[in-house]
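Everything below concerns the one structure shown next.
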Amino acid sequence: RLYGGRAVSARILDRQQHYAEALPSYQKALRLYRQASDRDGEGNALNNIGMVCKGAGRYPEALQNYHDALKIKRDLGDRKGEAQCLNNIGNVYAATGRYAEALENFQDSLKIKRDLRDRKGEAQTLNNIGNVYTDTGKYTEALQHLLDSLKIRRDLGDRAGEAEDLNNIGIVYEHTGHYAEALQNCQDGLKVYRDLGDRKGEAASFINIGLVYEDTGRYPQALQNYHDALKIKGDLGDRQGEAHALGNIGNLYGDTGRYAEALQNHQDSLKIARDLGDRLGEAQSLNSIGIVYWATGRYGEALRNYQDALKIKRDLGDRKEEAGALGNIGVVYFATGRYAEALQNHQDSLKICRELGDRQGEAMALGNIGNVFAETGRYAEALQNFEGSLKIARDLGDRKGEASILNNVGSVCDRAGRYEEALQNIQDSLQIKRDLGDRQGEASALGNIGIIFGKTGNHDEALRQLEKGLD
């Protein structure tokens, strides 16, 4: 399984686009506040500089500025400002995959906001905590925090916050394969954004709705939503958002085998990221371009793009994305028969995911390690890794992941001549895919079932299953 080879969900993020223009203004303000011995203004300027650095992917500088601002706010006894700094620090840690540190800062911020009875700030921090739990695959905790945030925002009449929560709740449901609920929440969020005339939020909702349609194989609807988002981003002059939408369109074209169009969209997205100095966006585009090259068998070019992405991710200190890049490099080595190198990269990816507490990433890495063992005939080790991955998927309520792993377990049993076990696992996978409305996955499972029946000599049943898959 590849990392990042799918559309990216859209959260409403306060990201500065015009980094080069903004930074000198804030730095000048910082000098003036320091000359005037205005500590409060100095702290605010440091916060603004941190925001620009974070938006530009300059995470170490962002952290330094936020920590300097935090010290000033604490010296002044400004608890509200302290809570905001803690929240900002948490956002940087979350962006770089340092989830334990992100949670610690968000929870400290939450405590202060509750002490101050700042319900609006409490809701925003609950939302941030929920997003960290989503990113680490802890979906029950994510949903609870997001629902708590939603309740507060509805009590306050904060409709923009309500729309943000609805979209993020939709993302949780999408990750866990609850597509009807995902679609409903994202559509409800879209309606609120339209009522408010919030076009940026409207575009984010279109991205999330498109993602649900893509996951369920409804590609024309997905493409329409992505194009709707792209148009809004263009109208707003939001070049970073435009790059994001182009990436989603490119991913969809890649998923449907339209590789030339996929490559063009990803290259357009890459150009914008480079124009903006958005190194994180650059790395994501390089990764997506690598996926297209991998899918078309151009493994050398895929590897170069993945390695370029890996270097940027390491420069940024983004460990979660580093783990993903290592996994993708491992997939290229696997495809070219370089199994020892594939195994090493997947194990390095696994180590990072475990250090970060990224259980979803851990499940993917275990699955990829299982694939290497299966391909090299080490079936017991393959099954051990698949079973570890399967347990995590079930713990997380990730039904889509569960179906994929069951299919892999069935494939190993098939190779080992254990046809009854193979059939049972693939039939279990088929049932989940039907429950999820994954028609493409259903067809693939039916084909695999047909092949197993053929191997056991039941040719009539094999033919029936294969015909169902073709339908």
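Predicted model, so just to flag it, every value in this text is computed and none were measured.
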Flag the pair [X] and [Y] as a salt bridge only when some basic side-chain nitrogen lies within less than 4.0 angstrom of an acidic carboxylate oxygen.
X: Glu387; Y: Lys391; value: no
X: Asp315; Y: Lys311; value: yes
X: Asp235; Y: Arg199; value: yes
X: Lys313; Y: Glu321; value: yes
X: Lys468; Y: Glu442; value: no
X: Glu362; Y: Arg354; value: yes
X: Glu375; Y: Arg415; value: yes

**OP:** Go through the steps for Arg359 and Asp395 under the test salt bridge (Lys or Arg N to Asp or Glu O under 4.0 Å), then give the verdict.
**Re:** CA-CA 10 Å; Arg359 298 208 74 207; Asp395 288 347; 3.5 Å; yes
**OP:** Sequence neighbours left out, what passes salt bridge (Lys or Arg N to Asp or Glu O under 4.0 Å) with Glu104? Give chain and number order.
**Re:** none
Subject >> Under the salt bridge (Lys or Arg N to Asp or Glu O under 4.0 Å) test, residues paired with Glu402 that sit two or more places apart >> reply: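 Salt bridge (Lys or Arg N to Asp or Glu O under 4.0 Å) list for Glu402, sorted by chain: Arg394.
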**OP:** Might you work through the salt bridge (Lys or Arg N to Asp or Glu O under 4.0 Å) test for Asp308 and Arg304, ending with a clear yes or no?
**Re:** CA-CA 6 Å; Asp308 288 347; Arg304 277 193 296 276; over 6 Å; no
**OP:** Given side-chain contact (heavy atoms from CB on, under 4.5 Å), test Leu103 with Tyr133 step by step and report yes or no.
**Re:** CA-CA 9 Å; Leu103 276 177; Tyr133 283 132; 3.9 Å; yes
Distance-only side-chain donor-acceptor flag, [X] / [Y], under 3.5 Å:
X: Glu301; Y: Asn305; answer: no
X: Asp268; Y: Gln264; answer: yes
X: Asn407; Y: Asn448; answer: yes
X: Thr96; Y: Asp318; answer: no
X: Gln221; Y: Asn225; answer: no
X: Asn105; Y: Glu101; answer: no
X: Gln360; Y: Tyr139; answer: yes

**OP:** Take the angle between the ring planes of Phe334 and Tyr339 and call it parallel below 30°, perpendicular above 60°, tilted in between.
**Re:**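 Phe334 and Tyr339: perpendicular rings.
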Tell me, do [X] and [Y] make a side-chain contact under 4.5 Å, heavy atoms counted?
X: Asn287; Y: Ile291; value: yes
X: His145; Y: Asn127; value: no
X: Tyr179; Y: Asp438; value: no
X: Leu280; Y: Leu316; value: yes
X: Asn128; Y: Asn87; value: yes
X: Val92; Y: Tyr66; value: yes
X: Leu303; Y: Trp294; value: no

**OP:** Answer yes or no: does atom CD of Glu341 have more than 12 heavy-atom neighbours from other residues, nucleotides or ligands under 6.0 Å?
**Re:**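 Check passes, neighbour count above 12.
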**OP:** Return yes when atom NZ of Lys455 has more than 12 non-hydrogen atoms of other residues, nucleotides or ligands closer than 6.0 Å, and no otherwise.
**Re:** yes
**OP:** Applying side-chain contact (heavy atoms from CB on, under 4.5 Å), run through Arg153 and Gln124 and close with a yes or a no.
**Re:** CA-CA 9 Å; Arg153 283 167 159 173; Gln124 184 59 61; 2.7 Å; yes
Subject >> Working for salt bridge (Lys or Arg N to Asp or Glu O under 4.0 Å), residues Glu467 and Arg464 >> reply: CA-CA 5 Å; Glu467 285 173 344; Arg464 274 194 292 275; over 6 Å; no
**OP:** With side-chain contact (heavy atoms from CB on, under 4.5 Å) as the test, would you mind laying out the steps for Leu63 and Ile89 before giving the verdict?
**Re:** CA-CA 6 Å; Leu63 271 180; Ile89 291 166; 3.9 Å; yes
Subject >> Pair His266-Leu286, side-chain contact (heavy atoms from CB on, under 4.5 Å): steps then yes or no >> reply: CA-CA 8 Å; His266 288 314; Leu286 287 166; over 6 Å; no
**OP:** Check Asp398 against His175 and note the closest heavy-atom contact, atom names and distance.
**Re:**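 The answer is OD1-O, 3.5 Å.
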Original post:
Which atom names give the shortest non-hydrogen contact between Ser429 and Ala403, and what distance separates them?
Top reply: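 Taking Ser429 first and Ala403 second, the nearest heavy atoms are OG-O, 2.8 Å.
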**OP:** Check whether the ring centres of His459 and Phe453 lie less than 6.0 Å apart, and answer yes or no.
**Re:**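 Here the rings of Phe453 and His459 have centres that are no less than 6.0 Å from each other.
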